[in-house]
There are 2 protein chains.
Amino acid sequence: MTQSAEGQFRAGSLAHRVPDLGALELLLAVARLGSLGGAARELGITQPAASSRIRSMERQLGVALVDRSPRGSRLTDAGALVTDWARRVVEAAEAFDVGAQALRDRRDSRLRVAASMTIAEYLLPGWLLALRAQRPDTAVSLLAGNSAAVAERLLADEADLGFVEGVSVASGLDSVVIAHDNLIVVTAPGHVWARRRRPLEASELAVTPLILREKGSGTRQVLDAALGGLARPLIELSSTTAVKAAAVGGAGPAVLSELAVGEELSMRRLVRVPLADVSLARDLRAVWPTGHRPVGPARDLLSLTRG
Amino acid sequence: MTQSAEGQFRAGSLAHRVPDLGALELLLAVARLGSLGGAARELGITQPAASSRIRSMERQLGVALVDRSPRGSRLTDAGALVTDWARRVVEAAEAFDVGAQALRDRRDSRLRVAASMTIAEYLLPGWLLALRAQRPDTAVSLLAGNSAAVAERLLADEADLGFVEGVSVASGLDSVVIAHDNLIVVTAPGHVWARRRRPLEASELAVTPLILREKGSGTRQVLDAALGGLARPLIELSSTTAVKAAAVGGAGPAVLSELAVGEELSMRRLVRVPLADVSLARDLRAVWPTGHRPVGPARDLLSLTRG
DNA sequence: ACTGAGTCATAAGCCCAGTTTATGTCGCCA
DNA sequence: TGGCGACATAAACTGGGCTTATGACTCAGT
């Protein structure tokens with residue numbers, strides 16, 4: 001009531017402006033099947049429910065999404081676009097789902113995975129989706145922790161397969177490199193360095209206060225090693241997420257895993273600063289107890305992760 | 001009842017296993033603020049509502065997410081992981097939101113954008129989010145179509161700024177290259193080419209039946225030009241999405257924009273096949289009517305898109 | 001100790017979005 | 001012209017999520 005201007009923001013957060021997951025799924029089904037009734041059947045609801053749901057989604061968005069005809073329904077142009085955006089939301093939700101299922105401590109798990117935080121956050125959900133696609137019955141449980149914790153679980157036979165980032169591997173474990181990760185320097189688009197063309201020298205990086213993870217973290221170790229000394233922290237934060245948030249907010253340049261900032265880079269919330277002579281690469285490895293070469297589900301997962 | 005085995009899939013689609021957007025937003029707020037009540041305040045609901053919502057989310061996922069104490073609430077380890085996955089869902093929803101708002105035909109728009117499909121699908125939501133971050137009041141409207149339609153809108157003064165992919169620019173329009181896009185060859189992980197080390201030669205690509213967009217599409221034109229002849233279609237489909245789906249399903253190798261398959265590559269639903277001597281690059285350009293150099297909101301958006 | 005301000009939990013009642021069942025309308029095809 | 005499929009409409013039910021009101025607990029300051 002006492003509200004200002006065009007109430008397009010204030011009025012309820014995201015959840016009120018974006019259709020819920022069920023509606024988005026329904027839209028995808030309509031797009032795929034070309035029929036409201038068919039989509040309804042697939043989702044196990046009745047046709048009027050689907051009809052009304054699509055209708056209310058159109059009302060909510062203020063855009064016609066599907067062309068109804070007595071012979072079926074096709075997406076409008078706008079509908080096609082919306083559907084593509086919806087697909088990305090649903091895919092993120094699928095990753096969430098498969099991750100959350102693995103997180104639940106299930107006794108009956110046939111595959112117990114232990115992974116470092118970065119890998120569990122950014123890579124594992126994708127792998128688990130792929131695994132589920134080809135072996136739908138494999139129940140997976142996930143335990144996330146640092147490298148030491150992963151090693152511990154494997155050696156105690158509380159996990160079948162582990163994933164760690166970093167240079168060294170604990171004794172008693174075999175490993176194979178499955179991917180490479182680069183640490184990169186990023187800033188908010190407004191920062192001076194964002195417009196910079198000339199690559200950054202190590203010396204320059206070493207004397208600039210940076211937004212960093214806490215001392216002892218994997219990324220910090222790699223950075224210190226590469227700089228041949230200690231990086232100067234502007235702030236120290238205890239999670240990748242917090243570092244990202246600070247960088248996006250314009251607090252300064254940050255050093256982060258490429259994996260962590262893919263989204264932010266493509267949305268231009270962050271900009272990558274070119275690096276000259278510094279190599280901030282690190283290996284991502286799958287690990288398992290020496291001798292216990294992965295078999296069965298563990299082997300399946302492992303083979304998915306190798307490029 | 002008559003259901004088989006561990007009912008972890010059957011039982012309701014995604015929407016029933018994944019908390020709704022409101023709950024995920026709430027979780028992010030709790031993570032950021034360290035307090036249920038604080039998060040509730042921020043979202044404009046009462047503390048008991050937040051409390052109960054988090055609780056039911058924990059019940060739904062079967063995992064404890066937050067440690068409550070009389071001094072506040074902190075995420076558990078599992079909660080931190082879940083929150084990170086939740087953030088990705090919410091970010092996708094934000095992109096959906098800003099896109100959908102622009103799609104709505106608003107007379108009062110201060111910035112009217114026309115964009116080709118690929119750009120509207122994959123890049124524009126990110127740009128609009130960035131734009132909203134720095135100019136919250138700019139109302140944007142979006143019109144998606146092919147290059148010709150974009151040109152038409154601009155010349156009819158029905159759009160202020162356009163974005164197109166492709167080589168040529170219609171006469172009467174000025175343009176600037178804002179990014180580059182590569183077409184790449186992808187297959188399902190099971191395909192022979194997925195394990196291939198030796199890069200693919202143009203000659204080889206030319207004789208292999210491929211999953212392609214329809215003739216006349218931008219990607220098809222670039223491909224034909226690069227092969228110095230015509231690509232052989234295995235199937236022709238009318239949307240990027242359909243091509244992706246076919247490729248993921250293992251129908252064969254496909255040629256697609258790098259932009260379209262980022263997600264699929266990182267989730268290993270698709271694998272990139274290395275190319276030897278073929279260059280499938282194309283420019284992405286911002287365009288505007290000759291002489292009407294972008295000013296105001298259009299200039300703001302344009303400057304966001306340039307790397 | 002006591003009080004006050006912060007936290008979260010519990011209980012009871014309200015409300016609306018989304019659902020189902022039942023029916024109506026329209027177009028196409030045999 | 002009947003019949004089938006697809007979508008729309010109407011009315012009644014249900015439940016999840018909300019609010020208000022209250023209670024229990026911890027900490028800090030007096």
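The structure displayed is predicted, hence computed values, not measured ones.
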| note | Of the candidates D:dC7, D:dT9, D:dC25, the side chain of A:Ser73 sits closest to D:dC7
| request: Check every atom of C:dG18, C:dT7, D:dG5 against the side chain of A:Ser56 and return the nucleotide holding the closest atom. | output: C:dG18
| task | Walk me through it: do A:His16 and A:Gln60 pass the test side-chain contact (heavy atoms from CB on, under 4.5 Å)? | result | CA-CA 9 Å; A:His16 297 122; A:Gln60 181 178 22; 5.7 Å; no
What's the [atom1]-[atom2] distance between [X] and [N], to the nearest Å?
| X | N | atom1 | atom2 | answer |
| --- | --- | --- | --- | --- |
| A:Ile45 | D:dA6 | CD1 | C1' | 15 Å |
| A:Asp20 | D:dG16 | CG | C1' | 12 Å |
| A:Leu43 | C:dG18 | CG | P | 15 Å |
| A:Leu24 | C:dG18 | CG | P | 12 Å |
| B:Met57 | D:dG16 | CE | C1' | 15 Å |
| A:Ile54 | D:dT9 | CD1 | P | 15 Å |
| B:Arg53 | C:dA9 | CZ | P | 16 Å |
| A:Arg71 | C:dC28 | CZ | P | 7 Å |

| task | Please say which of A:Leu237, A:Val248, A:Thr219 ends up in a side-chain contact (heavy atoms from CB on, under 4.5 Å) with A:Val243. | result | A:Leu237
| said: As a test of understanding, state which of A:Ile54, A:Thr83, A:Leu43 forms a side-chain contact (heavy atoms from CB on, under 4.5 Å) with A:Val30. | reply: A:Ile54
| said: Could you report the tightest heavy-atom contact between B:Ser73 and B:Leu36, atom names first, then the distance? | reply: OG-CG, 3.8 Å
| Quick one: do A:Asp97 and B:Arg17 make a salt bridge, cutoff under 4.0 Å? | yes
| said: Whether the side chain of A:Gln47 and the base of D:dA6 hold a donor-acceptor pair under 3.5 Å is what I'd like checked. | reply: no
| query | What's the spacing between B:Arg87 CZ and B:Leu28 CG if we round to 0.5 Å? | reply | 5.5 Å
Looking only at side-chain N and O atoms, does [X] come under 4.0 Å of OP1 or OP2 in [N]?
| X | N | answer |
| --- | --- | --- |
| A:Thr46 | C:dT20 | yes |
| B:Ser51 | C:dA9 | yes |
| B:Arg55 | C:dC8 | no |
| B:Ser35 | C:dC8 | yes |

| remark: Between B:Ala49 and A:Pro48, whichever has its closest DNA chain D nucleotide further toward 5' is A:Pro48
| query | Which residues within residues 59-69 of chain A lie with some heavy atom under 4.0 Å of an atom in DNA chain D? | reply | A:Arg68, A:Ser69
| message | Within the 3.5 Å criterion, strictly below it, is a donor on A:Arg213 or A:Thr240 matched to an acceptor on the partner's side chain? | response | yes
| message | Considering every strand and a 4.0 Å limit on heavy-atom distances, what is the contact class for B:Arg41: base, sugar-phosphate, or nothing? | response | sugar-phosphate
